[in-house]
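Owing to the predicted nature of the structure, the values given are computational and were not obtained by experimental measurement. By convention in this document, chain letters (A, B, ...) are assigned in the order of the sequence lines, proteins followed by strands, and residues within each chain are numbered from 1. Values below: all heavy atoms of this structure, side chains included; hydrogens, waters and symmetry mates excluded.
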2 protein chains.
Amino acid sequence: MSTSPNSQLLKGSLSVMILRLLEGRERMYGYEITQKVKELTAGEMTITEGALYPALHKLEAEGLLTTETQVVDGRARKYYSLTKIGQTEAAGRIAELTAFLDNLNLVLNLKPSL
Amino acid sequence: MSTSPNSQLLKGSLSVMILRLLEGRERMYGYEITQKVKELTAGEMTITEGALYPALHKLEAEGLLTTETQVVDGRARKYYSLTKIGQTEAAGRIAELTAFLDNLNLVLNLKPSL
DNA sequence: TTTAATACCTAAGACTTCTAGGTATATCCG
DNA sequence: CGGATATACCTAGAAGTCTTAGGTATTAAA
């Protein structure tokens, strides 16, 4: 057997969503991300916090995000924004996911007659 | 916290691809599936056997696929086809994945200005 | 005053996939 | 003839992501 250097079948879409959302903004905090995704998908997609926070921490550990904490209305918010490296990586990972989705569609969209 | 009945963020696309490929055909065998996916995606997507066979076995255990083994050119092939339940389930899972991909696009396609 | 919304977090388990093997036969090429 | 490649199946272990299911704390609404 061989199976060459592989692009994973379905890699985490969550981290790419995060990067994509941050591409368009100065900064966002975790809870805001969950609400934004809900809003964009008319409530159909829910980001669980158990997935979100570890994902954010990992992206930060990888150096793609930086944080600044700020207290608003007596509650602490942790704002995340893309680092320089994060901006580059974001573009790359979005392109990768897009390419994967294109291929997925090639497989899924085939007609029954083929 | 609450987080309602959730559609998983990252669902396995492989099993849905398998079901989709079988929707359009009488039957297929494992190796054939790997080749078909390669062909459909111009070599860009590779199904690893370490993922494929366990996925096939699981779908069979779930009652969505049945098998018939046949020897061709001295080599054993295990053909998989959709059961009646499999046909119903296939439609459902494909719709689910499609809905998920639509939502994913809503999040990914947002313009930087939004 | 209790519930819901806001806002953060973690641990345990489930699940999928990858890596990396293993077995075996047939065919192609030198 | 012999070795490599293609065909064809399989599994075990590790990696990684997400869900479930908690926890803490403040503010606003009922």
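- Checking the phosphate oxygens (OP1, OP2) of D:dT19, a side-chain nitrogen or oxygen of A:Thr48 falls inside 4.0 Å.
- In this structure, B:Glu96 does not pair ionically with B:Arg93, as no charged nitrogen and carboxylate oxygen lie closer than 4.0 Å.
- Remark: the backbone N or O of B:Leu21 is paired with a side-chain donor or acceptor of B:Arg25 at under 3.5 angstrom.
- Rounded to an integer number of Å, the gap from CG of B:Leu52 to P of D:dA8 is 13 Å.
- Comparing B:Ser15 and B:Val72 along DNA chain C, the residue whose closest nucleotide (by nearest heavy atom) sits nearer the 5' end is B:Ser15.
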Verdict with reasoning, A:Glu89 to A:Arg20, per salt bridge (Lys or Arg N to Asp or Glu O under 4.0 Å): CA-CA 11 Å; A:Glu89 265 290 305; A:Arg20 179 57 159 156; over 6 Å; no
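- Under the 3.5 Å distance criterion, the side-chain polar atoms of B:Gln35 are left unmatched by any main-chain donor or acceptor of B:Glu32.
- Ranked by how close their nearest DNA chain D nucleotide is to the 5' end, A:Gly74 and A:Pro54 are led by A:Pro54.
- In this structure, B:Gln70 atom CD and D:dA8 atom P are separated by 12 Å, rounded to whole Å.
- Atom-to-atom, CD of B:Glu32 to P of D:dA6 comes out at 18 Å; the value is rounded to the nearest Å.
- Distance OH (A:Tyr53) to P (C:dT6): 12 Å, rounded to an integer number of Å.
- A straight line from CD of B:Glu49 to P of C:dC18 spans 12 Å, rounded to a whole angstrom.
- When rounded to the nearest whole Å, the span between NE2 of A:His57 and P of C:dC8 equals 9 Å.
- Considering only side-chain N and O atoms, B:Lys78 lies under 4.0 angstrom from the phosphate OP1 or OP2 of D:dC10.
- The main-chain N or O of A:Gly63 is found under 3.5 Å from a side-chain atom of A:Thr83 such that the two form a donor-acceptor pair.
- Residue-level contact check: B:Arg75 touches the bases, meaning some heavy atom is under 4.0 Å from a base atom.
- Among the protein residues, B:Gly30 comes within range of the sugar-phosphate backbone only, with heavy atoms under 4.0 Å from sugar or phosphate atoms but none that close to a base.
- Rounded to an integer number of Å, the gap from OH of A:Tyr29 to P of C:dA5 is 15 Å.
- A:Tyr31 places its OH atom 13 Å from the C1' atom of D:dT26, with the value rounded to the nearest Å.
- Remark: B:Lys58 is in phosphate contact with C:dT16, judged by side-chain N or O atoms under 4.0 Å from OP1 or OP2.
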